[in-house]
Amino acid sequence: MRVLHLSGGNMFGGVETFLVTLSRNASAAPEMEQHFGFCFEGRASGELRANRAPVHLLGAVRLRDPLSIRRARRVLRELLRQRAFDLAVCHGVWPLLVFGPAVRAAGLPLVFWVHDTVDGRHWLQRLARWTVPDLAVCNSRYTASLLPGLFPRVRREVVYYPVEPSGTLPTEGDRAAIRAELGTPGDAVVIAQVSRMEAWKGHTLHLRALALLRDVPGWVCWQVGGAQRPSEVAYRTGLERLAGELGIADRVRFLGQRSDVPQILGAADIHCQPNTGPEPFGIAFVEALYAGLPSVTTAMGGAQEIIDESCGVLVPPDDAQALGDVLRSLAESRDCRRRLGSAGPARAGALCAPERQVGRISALFSTLVRREAAG
């Protein structure tokens with residue numbers, strides 16, 4: 001079975017992490033030959049090629065330029081004509097709008113992978129709804145619950161992302177080396193957030209909660225994530241300014257984009273990402289659990305399907321005091337951190353073990369191909 005995954009490729013976030021993970025774990029479903037189609041070269045296409053995955057460039061697309069859409073669809077139609085694909089997957093609303101009609105014209109089964117919250121209200125979604133997929137694969141029960149607002153009669157399946165374990169946990173020497181590189185004392189309690197520089201990821205709430213811990217000695221916060229757009233650069237600048245105004249600038253490290261996130265998490269003690277908007281799923285939470293960290297987040301969205309009382313704490317949304325109280329208790333109690341952190345790897349594996357999740361994806365696709373072939 002030959003599958004073509006379609007995405008933009010100009011950014012790198014959860015969708016691109018998922019696609020790279022699929023390619024790295026291709027051996028879990030050898031019956032599924034995976035190809036990847038992008039509009040733009042970027043980190044995702046580079047990492048996929050490094051994994052020896054076939055990457056096809058379809059041409060840069062700007063929605064405000066109809067000619068660019070037509071050109072990319074023409075390239076895609078030619079690719080579909082040359083290659084005997086059995087199935088195409090549009091990863092998100094944008095690829096569905098741009099490429100869905102070409103896939104439909106080629107007579108291939110069409111899958112819409114729901115990575116974000118979709119309810120049919122946004123203008124992009126209203127345009128995309130004209131191309132109805134044969135199957136919607138949702139990355140959480142939360143996103144699946146909203147899909148009827150866009151496609152009320154499309155069959156839905158929930159498949160959590162395959163997320164790879166970080167490997168062996170770092171030794172004390174490794175932890176010490178990472179902390180030294182980041183100007184952090186070896187005995188500090190490190191609270192880490194790993195996320196895009198977007199406001200709904202809760203950085204501001206996180207900083208305001210940490211400001212309530214000024215009297216607690218020995219903690220340091222690592223903010224990990226690079227700004228990929230001009231608006232994100234301005235947002236990060238605002239966060240740095242806020243940390244100064246709150247009197248915690250000397251205890252917060254903005255680390256920018258890192259390629260060693262598993263090592264960073266392995267050298268931390270607590271994971272905290274207090275979203276102020278619902279997370280569709282949340283790969284960072286799973287990565288933190290694999291690293292053996294207790295995870296703290298707000299009780300909303302897909303994160304509630306990952307974090308439970310065995311491995312972390314859910315706090316009320318937009319409540320800096322409640323968040324600060326939880327962070328205080330974890331910072332002051334090594335036993336509590338160890339108890340919650342020790343349950344993390346098993347929880348992460350139960351939800352997202354790659355060999356199982358990739359196999360399930362292949363089985364879903366195979367069933368759809370057979371059903372469509374049978375008419």
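- For the pair Ile361/Val137, no side-chain contact is recorded, criterion being any heavy-atom separation below 4.5 Å from C-beta on.
- Between Phe365 and Trp113, the ring planes lie perpendicular to each other; the angle is over 60°, past the 30° to 60° tilted range.
- By the neighbour-count criterion of 12 heavy atoms within 6.0 Å, atom CZ of Arg208 is sparsely surrounded, having that number or fewer from other residues, nucleotides or ligands.
- Using a 4.5 Å heavy-atom cutoff, the side chains of Gln273 and Phe285 are in contact.
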request  = Apply salt bridge (Lys or Arg N to Asp or Glu O under 4.0 Å) to Asp269 and Arg175, showing your working.
outcome  = CA-CA 11 Å; Asp269 300 291; Arg175 282 169 58 91; 3.3 Å; yes
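- A donor-acceptor contact closer than 3.5 angstrom links the side chains of Asp325 and Gln321.
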key: Residues Glu78, Arg74; criterion salt bridge (Lys or Arg N to Asp or Glu O under 4.0 Å); working and verdict   = CA-CA 6 Å; Glu78 181 62 19; Arg74 186 165 58 247; over 6 Å; no
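- A donor-acceptor contact under 3.5 angstrom links the side chains of Trp222 and Thr184, judged on distance only.
- Looking only at side-chain heavy atoms (C-beta outward), Thr297 and Cys272 stay at 4.5 Å or farther from each other.
- Using a 4.5 Å heavy-atom cutoff, the side chains of Arg121 and Gln125 are not in contact.
- Aromatic ring centres of His115 and His91 lie closer together than 6.0 Å.
- The side-chain heavy atoms of Met1 and Ser362, taken from C-beta on, include a pair separated by under 4.5 Å.
- Across every non-hydrogen atom of Met197 and Glu232, the tightest pair is O-CG, 3.1 Å.
- More than 12 heavy atoms of other shown residues, nucleotides or ligands fall within 6.0 angstrom of atom CH2 in Trp200.
- Considering CG of Asn139 and CG of Asp116, their distance stands at 7.5 Å, rounded to 0.5 Å.
- Under the 4.5 Å side-chain criterion, counting only non-hydrogen atoms from C-beta, Pro345 is not in contact with Leu289.
- Note that CG of Leu239 is 5.0 Å distant from OG1 of Thr204, once rounded to the nearest 0.5 Å.
- Going from atom NZ of Lys201 over to atom OH of Tyr235 covers 10.5 Å, rounded to the nearest 0.5 Å.
- One hydrophobic cluster, built from ILVMFWY side chains closer than 4.5 Å, cannot hold both Leu57 and Val61; they sit in different ones.
- Neither side chain, Tyr290 nor Arg347, offers a donor N or O lying under 3.5 Å from an acceptor on the other.
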message = Between Asp335 and Ser333, does the side chain to side chain donor-acceptor pair (under 3.5 Å) criterion hold? Intermediate values first, please.
response = CA-CA 5 Å; Asp335 289 342; Ser333 175; 5.5 Å; no
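- Counting only heavy atoms from C-beta outward, the side chains of Leu6 and Phe38 never approach each other to under 4.5 Å.
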query = Step by step, would you call Glu279 with Tyr142 a side chain to side chain donor-acceptor pair (under 3.5 Å)?
reply = CA-CA 9 Å; Glu279 184 82 54; Tyr142 169 70; over 6 Å; no
task = Go through the steps for Gln193 and His271 under the test side chain to side chain donor-acceptor pair (under 3.5 Å), then give the verdict.
result = CA-CA 6 Å; Gln193 177 168 352; His271 172 257; over 6 Å; no
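- Asn25 and Glu355 share no donor-acceptor pair across their side chains, judged by distance under 3.5 Å alone.
- A distance-only check finds no donor-acceptor pair linking the side chain of Arg196 to the backbone of Gly226 [under 3.5 Å].
- Atom CZ of Arg155 is surrounded by more than 12 heavy atoms from other residues, nucleotides or ligands within 6.0 Å.
- With a 4.5 Å cut-off on side-chain heavy atoms, Leu63 and Trp94 count as touching.
- For Arg49, the CZ atom sits in a packed shell: over 12 heavy atoms of surrounding residues, nucleotides or ligands are nearer than 6.0 Å.
- Val111 and Phe99 are assigned to two separate hydrophobic clusters, defined by single-linkage of ILVMFWY side chains at heavy-atom distances under 4.5 Å.
- Between Phe85 and His56, the ring planes are perpendicular. Angles over 60° get that label, and only those under 30° would be called parallel.
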